[in-house]
Amino acid sequence: MRRKLLAWFDQNAREMPWRSDPQPYHVWVSEIMLQQTQVATVLPYYRRWMKSFPTVADLAAADEAELLRHWEGLGYYRRVRSLHAAAKQIMERHGGEFPLDFESVLALPGVGRYTAGAVLSISAGAKLPVLEGNTQRVYSRWIALRRPPSDPSATRLLWDVAQAMLPHRGASSGTFNQAAMELGALVCTPTGPDCDSCPVRAHCQAAKQELQTEIPGKIKRLRYEDRTEFALIVDRKRRRETEYLMRPLPEGGRWAGLWDFPRPTEVGTETVDQAASWLAEQLGVPVDHGPRLRTLRHAVTRYRISLHIHRARLSEATSMADPPPTPWQWVRLSHLDQLPMSTTGRQIHAYLQDNRQPLLPLG
DNA sequence: AATACGGGGCA
DNA sequence: TGCCCAGTATT
């Protein structure tokens, strides 16, 4: 069974840059990027990252803003902040050498049982199991597990199966783990598994009982929630260049460390007037707003968001000349390239670049 | 045990 | 629109 899967992997594995030189640092970075993110999305990010931060020491010494700029668009930004903190931990506790014992790896911020097992099995051949979306599905079908994988007893059982599957000798557990994940990604897919092409079909309990489309059971369905949000564009002219009012988002909240246009982060901002009042309170001066410039629609996790973009103005002319209160700053248009932003923040930036001149005066 | 995380791809 | 993606940390 293992031999067949490994032979299939040898023939069908996709090229991935972290596979050609699987140092612990390479595998670690790739695994963090791959959390909740597909391989194709990760590839360009990974290449650019390794060009900029080729070693743990480079990562530890980097500016957080630069790291966030490299991560921009991948989402789940806590991942990159944890990566940074973990690199510093490796410098302090392990002299800059990536630790190779399970407990030390598990102690790194942002690393759980899956990632620790993946890094050590793939980079060092450690006999450690992995369980994630793909292997959860593959092993559930393998043993025709009726319980949904989210059930804690199912999770425990699947970790045990993943452990028992590992090769006793010869082939590396890392290769086996990757083969199982690759099988899940290419053959044993969530819908329409291609059992005819499966190298281990003969051993699969779900296929034997024709249950492969019923297993794994449905994970409880999520309720989607509609949200309305507002962003306010406040600009001023300085030395022939437009500047925009922006702020870095505070520690601990969503998008921590990213820069954003004025956008209320509290839930319950239902109207643009409320958004303007929020900004007025932030700045200590009255704010009025213009008509809607456009609306961006996007979806993240369980939210369907309509983001209304309006122009706004500080109604006291003097306040435009003063430095705004912390954390607000005037940022030159040409400097926005350097600042890390969310995807929607970057879309607003693109909009401002495309419509540099007009942004008609407020009604 | 449930939820936040705030991006993207695909049917 | 709904679901999934090489999950982890927090509450």
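Within every chain, numbering begins at 1; the chains are lettered A, B, ... in the order of the sequence lines, protein sequences first and strands thereafter.
Considering only side-chain atoms of A:Q35, the nucleotide from C:dA6, B:dG8, C:dG7 that sits closest is C:dG7. Listed nucleotides B:dG7, B:dG8, C:dA6 differ in distance to A:S342; the shortest reach to its side chain belongs to B:dG7. When each of B:dC5, C:dC4, B:dA4 is scored by its nearest atom to the side-chain atoms of A:Q38, the top-ranked nucleotide is C:dC4. Of the candidate nucleotides C:dA6, B:dG7, C:dG7, C:dG7 has the atom nearest to the side chain of A:Q36. For A:T115, the listed nucleotide lying nearest its side chain is C:dG7; candidates were C:dG7, C:dA6, B:dG7. Checked against C:dC5, C:dT1, C:dA6, the side chain of A:P190 finds its nearest nucleotide in C:dC5. Set against B:dA4, C:dG2, C:dA6, the side chain of A:R14 has C:dA6 as its closest nucleotide.
No hydrogens or angles considered: a donor-acceptor pair under 3.5 Å links the side chains of A:T242 and A:K237. With hydrogens and angles left out, the side-chain atoms of A:T228 and A:E270 include no donor and acceptor closer than 3.5 Å.
Backbone-only engagement by A:R137 is indicated by non-hydrogen atom pairs under 4.0 Å involving sugar-phosphate atoms exclusively. Nucleic acid contact class of A:R19 (heavy atoms, under 4.0 Å, all strands): base. Among the atoms of the strands shown, only primed sugar atoms or phosphate atoms (P, OP1, OP2) are found under 4.0 Å from some heavy atom of A:V111. A:R304 comes within 4.0 angstrom of a base, heavy atoms only. Nucleic acid contact for A:M341: none, since no nucleic acid atom lies under 4.0 Å from a heavy atom of the residue.
Here the P atom of nucleotide B:dG8 and the CH2 atom of A:W71 are 14 Å apart, to the nearest Å. The distance from atom CD of A:E182 to atom P of C:dC5 is 14 Å, rounded to the nearest whole Å. As a whole-Å value, the separation of A:E251 CD from C:dT10 P is 13 Å. When rounded to the nearest whole Å, the span between OH of A:Y114 and P of C:dG7 equals 6 Å. To the nearest angstrom, P of B:dC5 lies 13 Å from NE2 of A:H298. What separates CG of A:L307 from P of B:dG7 is a distance of 11 Å, to the nearest Å. Going from atom CG of A:L34 over to atom P of C:dT8 covers 12 Å, rounded to whole Å. A:R254 has its CZ atom 22 Å from the P atom of C:dA9, to the nearest Å.
The CD atom of A:E229 sits 8.0 Å away from atom OG1 of A:T344, with the distance rounded to the nearest 0.5 Å.
Geometrically, A:R238 does not engage A:W330 in a cation-pi contact defined by less than 6.0 Å to the ring centre and at most 45° from the axis.
For B:dG7, one of the phosphate oxygens OP1 or OP2 lies less than 4.0 angstrom from a side-chain nitrogen or oxygen of A:Y77. Contact annotation: A:W255 reaches the phosphate of B:dG7 (side-chain N/O to OP1 or OP2, under 4.0 Å). A close approach under 4.0 Å does occur between a side-chain nitrogen or oxygen of A:T343 and OP1 or OP2 of B:dG8.
Taking 3.5 Å as the limit, the base of C:dG7 and the side chain of A:R78 contain no donor-acceptor pair of atoms between them.
For A:L106 and A:V39, each mapped to the nucleotide of DNA chain C holding its nearest heavy atom, the one lying further toward the 5' end belongs to A:V39. Toward the 5′ end of DNA chain B lies the nearest nucleotide of A:A299, the other residue of the pair A:A299 and A:T191 mapping further downstream.
Aromatic ring pairs are classed by plane angle as parallel below 30°, tilted from 30° to 60° and perpendicular above 60°; the pair A:H310 and A:F230 is tilted.
A salt bridge links A:R311 with A:D235: the distance from a Lys NZ or Arg NE/NH1/NH2 to an Asp or Glu carboxylate oxygen falls below 4.0 Å.
Separating the C1' atom of B:dC5 from that of C:dC4 is a span of 16 Å, rounded to the nearest Å. Nucleotides C:dA6 and B:dA11 are separated by 15 Å at their P atoms, to the nearest Å.
Around atom NZ of A:K4, no more than 12 heavy atoms belonging to other residues, nucleotides or ligands sit under 6.0 Å away.
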